[in-house]
Number of protein chains: 2
Amino acid sequence: MAKIESDLNVSRESTSLRLLVENRLRSAIGSGLFKPGQRLIERELCEQVGVGRTSIREALRQLEAEGLVTTIPHRGPIVSTISVEEAEQLYDLRALLEGYAGRECARLRDPEIIGRLRKQFIQMGAVAGQEDRSDLLAAKTEFYAALLEGCGNVFVERFLKMLLNRVTVLRMTSMTQSNRIGRSLAEIETILVAIEAGDEDGAEQACVQHIKNAAAIALEALRRDNP
Amino acid sequence: MAKIESDLNVSRESTSLRLLVENRLRSAIGSGLFKPGQRLIERELCEQVGVGRTSIREALRQLEAEGLVTTIPHRGPIVSTISVEEAEQLYDLRALLEGYAGRECARLRDPEIIGRLRKQFIQMGAVAGQEDRSDLLAAKTEFYAALLEGCGNVFVERFLKMLLNRVTVLRMTSMTQSNRIGRSLAEIETILVAIEAGDEDGAEQACVQHIKNAAAIALEALRRDNP
DNA sequence: GTTGACCGACTATCAGACAATCTGTCAAGC
DNA sequence: GCTTGACAGATTGTCTGATAGTCGGTCAAC
């Protein structure tokens with residue numbers, strides 16, 4: 001339905017330098033270039049990104065609203081750290097929301113969404129053996145994106161995206177455990193099968209269980225690092 | 001635990017003019033002074049609030065992140081409108097999150113939280129007969145605040161606050177229906193009783209039902225106005 | 001070891017300026 | 001009459017420079 005439009009969108013969203021800065025900083029934090037706790041000094045960011053202070057500041061406000069950075073008054077912004085308690089709460093909420101998303105996906109059974117889910121699942125299986133995990137992470141991200149879209153609730157989608165941004169760092173650690181990959185794939189297949197079958201309860205359960213397992217790994221790693 | 005600290009906090013949060021502006025604008029929108037769809041012209045806001053453009057803009061970015069205002073590129077920010085579909089989704093998510101909050105309150109049974117809930121419930125009963133509904137609204141807001149805090153999950157709390165900001169306008173319309181007050185009070189009592197009894201399922205159910213009822217009224221009113 | 005003054009590093013905020021872009025209008029042309 | 005194109009006004013997007021306030025650390029004095 002929106003395909004024609006998007007084809008005409010040559011570079012219509014190039015508007016707003018702020019959004020570019022925002023995404024740049026977001027990915028810099030997500031990729032670990034900026035580490036949790038690190039100070040983000042406005043002038044340095046100006047030089048690094050090559051824009052004025054105004055754009056930097058407004059982008060930082062946005063990230064602050066998302067919880068990705070924390071601004072200490074008269075001290076400046078830092079990359080948000082996450083305590084073990086917060087991580088637990090974050091995963092609890094994620095389980096709740098993703099369970100809901102899975103249930104709704106199973107209820108609605110949008111063919112396009114299911115196609116995207118299956119495609120990414122196959123892709124994940126294909127790249128699971130690679131040494132470099134970035135392809136796997138990309139496929140998993142796409143899988144989640146389809147799941148969130150499929151629930152048909154823009155608020156759930158937005159909130160889950162915010163949560164996902166916050167856990168990206170933790171997710172990397174929980175992914176590196178190679179013995180987890182096999183089980184993770186199996187869990188995702190369970191989700192997929194339940195959605196395709198329209199099994200609402202099963203899809204919800206599978207999503208919740210998947211998050212709980214990922215949470216257990218991530219939290220253990222976090223507890224080990226931050227005692 | 002935090003009581004001593006908060007007593008010493010003379011005016012420590014007076015820092016950051018931006019936050020003041022933010023809350024000012026938030027309440028202006030919430031109270032209906034700025035109506036949905038209305039344009040918010042930066043310079044006018046500068047004059048009205050009495051601060052520079054920087055502060056206005058950064059506060060607007062924050063509100064934009066919360067979904068309270070929408071910025072149209074090169075046109076400027078407007079107070080967010082809400083379609084019927086979005087309102088439905090918003091209430092669905094609210095039911096999910098508040099159900100969780102109620103369940104967790106019942107599980108944790110923090111005496112301080114329960115005290116606050118009961119106090120606000122009594123207060124609501126006391127002012128329910130008043131012509132002016134602002135006292136009732138205030139008590140209800142406090143009740144919710146205690147409920148959110150009591151769930152012990154900062155993310156749930158933050159998200160629900162954002163959702164509540166978005167529905168405040170709708171809530172006013174659903175509140176004005178005076179025949180709803182009695183039932184609303186009864187529903188809240190059900191929630192309170194279940195929490196006090198530690199009945200997790202009951203608390204969740206009661207919260208969800210309460211939201212669903214409120215949603216039905218609000219959505220009907222919305223459909224009537226925006227066909 | 002504590003107190004107090006001082007300095008440097010930043011942020012917080014403001015004011016002014018210029019370019020880019022959207023909107024509406026109004027006349028010209030078919 | 002309807003479309004097209006040009007033009008002006010309004011507003012944002014962005015940058016720059018400047019001032020004041022605040023935090024953290026240092027270092028001497030008591």
Side-chain angles (χ1 to χ4, degrees), chain A residues 5 8-26 28-29 34-81, chain B residues 5 8-26 28-29 34-81:
Chain A
E5 277 183 27
L8 294 179
N9 268 358
V10 197
S11 68
R12 220 61 202 95
E13 40 232 295
S14 80
T15 40
S16 162
L17 195 53
R18 194 187 74 237
L19 283 179
L20 291 179
V21 176
E22 207 180 293
N23 291 328
R24 194 72 151 280
L25 295 181
R26 215 195 308 275
I29 293 174
F34 293 150
K35 292 174 185 60
Q38 180 179 339
R39 285 189 62 181
L40 300 174
I41 294 157
E42 292 180 0
R43 281 184 206 147
E44 291 181 4
L45 293 180
C46 290
E47 291 179 5
Q48 289 175 19
V49 184
V51 299
R53 271 204 311 288
T54 313
S55 308
I56 292 286
R57 283 178 64 88
E58 293 189 10
L60 284 174
R61 286 296 90 74
Q62 177 76 28
L63 298 182
E64 188 184 355
E66 292 177 21
L68 225 55
V69 310
T70 307
T71 298
I72 304 173
H74 289 286
R75 192 82 207 291
I78 62 173
V79 180
S80 293
T81 58
Chain B
E5 275 183 30
L8 292 179
N9 268 359
V10 198
S11 66
R12 220 60 202 97
E13 38 232 295
S14 80
T15 43
S16 159
L17 194 55
R18 194 187 74 239
L19 283 179
L20 291 179
V21 176
E22 209 180 293
N23 291 329
R24 195 72 151 281
L25 294 181
R26 217 195 307 276
I29 293 174
F34 293 149
K35 292 172 186 60
Q38 179 178 341
R39 286 188 63 180
L40 300 174
I41 293 157
E42 294 179 358
R43 291 203 190 120
E44 291 180 4
L45 293 179
C46 290
E47 291 179 6
Q48 289 175 18
V49 184
V51 299
R53 203 157 148 235
T54 312
S55 308
I56 292 286
R57 283 179 65 90
E58 293 189 10
L60 285 174
R61 288 294 91 73
Q62 176 75 31
L63 298 183
E64 189 184 356
E66 292 176 21
L68 225 56
V69 309
T70 306
T71 298
I72 303 172
H74 289 286
R75 192 79 208 292
I78 62 173
V79 180
S80 292
T81 57

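Letters A, B, ... are given to chains in the order of the sequence lines, protein chains preceding strands, and every chain is numbered from 1.
The A/I41 side chain lies nearest to C/dC10 when the options are C/dC10, D/dT11, D/dT14. Distance from the side chain of B/H74 is smallest to D/dG13 among C/dT11, D/dT14, D/dG13. Each of D/dG13, C/dC10, C/dT13 was ranked by its minimum atom distance to the side chain of A/R39; first place goes to C/dC10.
Residues forming a side-chain contact (heavy atoms from CB on, under 4.5 Å) with A/E64 (at least two apart in sequence, or on another chain): A/R61, A/V69, A/T71, B/R18. Residues that satisfy the side-chain contact (heavy atoms from CB on, under 4.5 Å) test with B/T81, not counting sequence neighbours, are B/P36. In terms of the side-chain contact (heavy atoms from CB on, under 4.5 Å) criterion, residue partners of A/L68 (sequence neighbours excluded) are, by chain and number, A/R26, A/I29, A/L63, A/N165, A/R166.
By the 4.5 Å heavy-atom criterion applied to side chains, A/L45 and A/L25 are counted as neighbours. Between B/T54 and A/T54 the shortest side-chain heavy-atom distance does not fall below 4.5 Å.
Atom CZ in B/R75 sits roughly 7 Å away from atom C1' in C/dC22 (whole-Å rounding). Look at CG on A/L17: it is 15 Å from C1' on C/dT21, rounded to the nearest Å.
Rounded to 10°, the helix from C/dG1-D/dC30 to C/dC30-D/dG1 has 20° between the axis fitted to its first five pairs and the one fitted to its last five.
In plain terms, the two heavy atoms of A/L60 and A/P77 that are nearest each other are CD1-CG, 3.7 Å. Closest approach of A/S80 to A/G67, counting heavy atoms only: OG-O, 2.9 Å.
Within the nucleic acid shown, B/I56 has no heavy atom closer than 4.0 Å to any nucleic acid atom. The residue B/L60 sits apart from the nucleic acid: no heavy atom pair falls under 4.0 Å.
Checking A/R61 against B/I72, the closest nucleotide of DNA chain C that is more toward the 5' end is the one next to A/R61.
Put simply, B/T71 has no side-chain N or O that comes within less than 4.0 Å of OP1 or OP2 on D/dT12. Taking side-chain N and O atoms only, B/R57 has a distance below 4.0 Å to OP1 or OP2 of D/dG13.
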Is there any protein nitrogen or oxygen under 3.5 Å from a nitrogen or oxygen in nucleotides 15-19 of chain C, and what are the pairs?
residue: C/dA17; atom: N6; partner: B/R53; partner atom: NH1; Å: 3.4

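Listed by first then second residue, pairs satisfying salt bridge (charged side-chain N to carboxylate O under 4.0 Å, His left out) with a partner in residues 37-52 of chain B read B/E42-B/R53, B/E42-B/R57, not counting sequence neighbours.
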